[in-house]
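Remarks on the structure that follows.
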Number of protein chains: 2
Amino acid sequence: MKENLTIGAIARTSGVGVQAVRYYERRGLLLPDERKESGYRIYSREAVRRLRFIKNAQGLGFSLEEIGRLLRLSVGHKRQCARVRKQAQKRLEIVREKIGALQAIEKALQRLIRTCAARGTTWPCPILEGLGEQSR
Amino acid sequence: MKENLTIGAIARTSGVGVQAVRYYERRGLLLPDERKESGYRIYSREAVRRLRFIKNAQGLGFSLEEIGRLLRLSVGHKRQCARVRKQAQKRLEIVREKIGALQAIEKALQRLIRTCAARGTTWPCPILEGLGEQSR
DNA sequence: ATAAACTTTATATCTAAGTATAGAGTCAAG
DNA sequence: CTTGACTCTATACTTAGATATAAAGTTTAT
């Protein structure tokens with residue numbers, strides 16, 4: 001039983017849209033293994049793994065651009081682990097920065113809401129007033 | 001000395017682009033107080049405050065859509081503090097969710113990097129392997 | 001054999017928050 | 001009075017990651 005993984009098949013098993021798979025191909029991330037005479041794309045199970053790689057990496061916040069770089073690092077006969085780790089570390093730093101920024105926002109919102117609650121439902125609304133302030 | 005705040009003036013003092021100010025106007029967030037016969041927009045200092053409001057709220061993660069809603073809540077003679085607080089609380093929850101999601105990503109990246117470091121610069125690269133796994 | 005389901009390419013559209021450009025008019029200084 | 005800086009409108013373009021649509025061809029099931 002020769003496997004005939006069409007684009008619809010790998011899309012379904014990976015939970016992405018058919019259009020998205022073609023889009024990844026245009027971005028150079030996922031080439032079909034073969035084309036039938038009809039032009040239909042045929043994929044191997046390795047391609048499914050690759051597609052999963054793309055989705056997992058996306059889930060970790062990697063952009064398709066970065067994912068492309070990771071995939072290109074992985075194809076040479078010499079797998080360049082150090083560079084991959086560097087990428088992952090860079091991504092980790094960015095994630096940590098984002099967390100920090102969001103925590104600052106969290107604090108600012110908490111402060112606004114606390115002020116509002118302390119005053120009760122009065123006028124003028126301290127949230128709106130506070131947001132109109134000159135920021136330092 | 002009558003103030004003639006042109007679009008360039010309020011843009012400069014608020015640190016936004018002239019185009020952006022016009023864009024906010026199209027979005028219904030910031031109308032000029034007046035138009036000269038020439039069609040030039042003229043703003044009051046109140047408009048500068050409003051523009052600061054927009055930028056501050058953006059800094060807290062509010063979208064222009066949400067900011068528009070906040071501004072509309074603030075214009076009625078009866079300022080609806082409760083609704084504003086509700087919006088801010090909703091925003092706070094979203095921020096907290098984002099923080100949680102990013103912390104999960106942080107952990108996953110840390111794990112990948114740890115595995116990689118433990119193995120040294122070997123083959124196959126555990127980060128790339130890990131990213132190709134079926135996720136649960 | 002035919003209908004349903006699938007695939008092909010190419011092109012357009014979406015979101016968000018703007019930025020860029022063109023062509024024309026206006027304002028202030030020297 | 002001219003130059004340069006500014007403004008006007010309208011339209012197009014940007015990023016990122018897709019999704020939607022059209023018009024045509026293919027495969028599979030009955």
Return the value, rounded to whole Å, for the distance between atom [atom1] of [X] and atom [atom2] of [N].
{"X": "B:Ile7", "N": "D:dT9", "atom1": "CD1", "atom2": "C1'", "result": "12 Å"}
{"X": "B:Leu5", "N": "D:dC6", "atom1": "CG", "atom2": "C1'", "result": "15 Å"}
{"X": "B:Arg41", "N": "D:dC8", "atom1": "CZ", "atom2": "C1'", "result": "7 Å"}

Atom pairs, protein N/O to nucleotides 24-27 of chain D N/O, distance under 3.5 Å:
| unit_1 | atom_1 | unit_2 | atom_2 | d |
| --- | --- | --- | --- | --- |
| D:dG25 | N2 | A:Tyr40 | OH | 2.7 |
| D:dT26 | O4' | A:Tyr40 | OH | 3.4 |
| D:dT27 | OP1 | A:Ser38 | OG | 3.2 |

Among all residues two or more places apart in sequence or in another chain, which pass the salt bridge (charged side-chain N to carboxylate O under 4.0 Å, His left out) test with [X]?
{"X": "A:Arg26", "value": "none"}
{"X": "A:Glu25", "value": "A:Arg35, A:Arg41"}
{"X": "A:Arg49", "value": "B:Glu129"}
{"X": "A:Arg96", "value": "B:Glu106"}

- request: Please list, in 5' to 3' order, the outermost nucleotides of DNA chain C lying under 4.0 Å from any heavy atom of chain B.
  value: C:dA17 to C:dC27
message: Restricting to side-chain hydrogen bond (donor to acceptor under 3.5 Å, both in side chains), what partner residues turn up for A:Lys55, sequence neighbours left out?
response: A:Tyr24, A:Gln58
List the residues meeting side-chain contact (heavy atoms from CB on, under 4.5 Å) with [X], not counting sequence neighbours, and say none if there are none.
{"X": "B:Leu112", "answer": "A:Leu60, B:Ile127, B:Leu131"}
{"X": "A:Gln89", "answer": "A:Arg85, B:Ile113"}
{"X": "A:Ser44", "answer": "A:Asp33, A:Glu46, A:Ala47"}
{"X": "B:Lys107", "answer": "B:Gln110"}

Heavy-atom closest contact (B:Ser14 atom, B:Val48 atom, distance): OG-CG1, 4.1 Å
- prompt: Within less than 4.0 Å of OP1 or OP2 of D:dT9, is there a side-chain N or O belonging to B:Arg35?
  reply: yes
- prompt: Contacts to DNA chain C from residues 11-24 of chain B, heavy-atom cutoff under 4.0 Å, which residues?
  reply: B:Gln19, B:Ala20, B:Tyr23, B:Tyr24
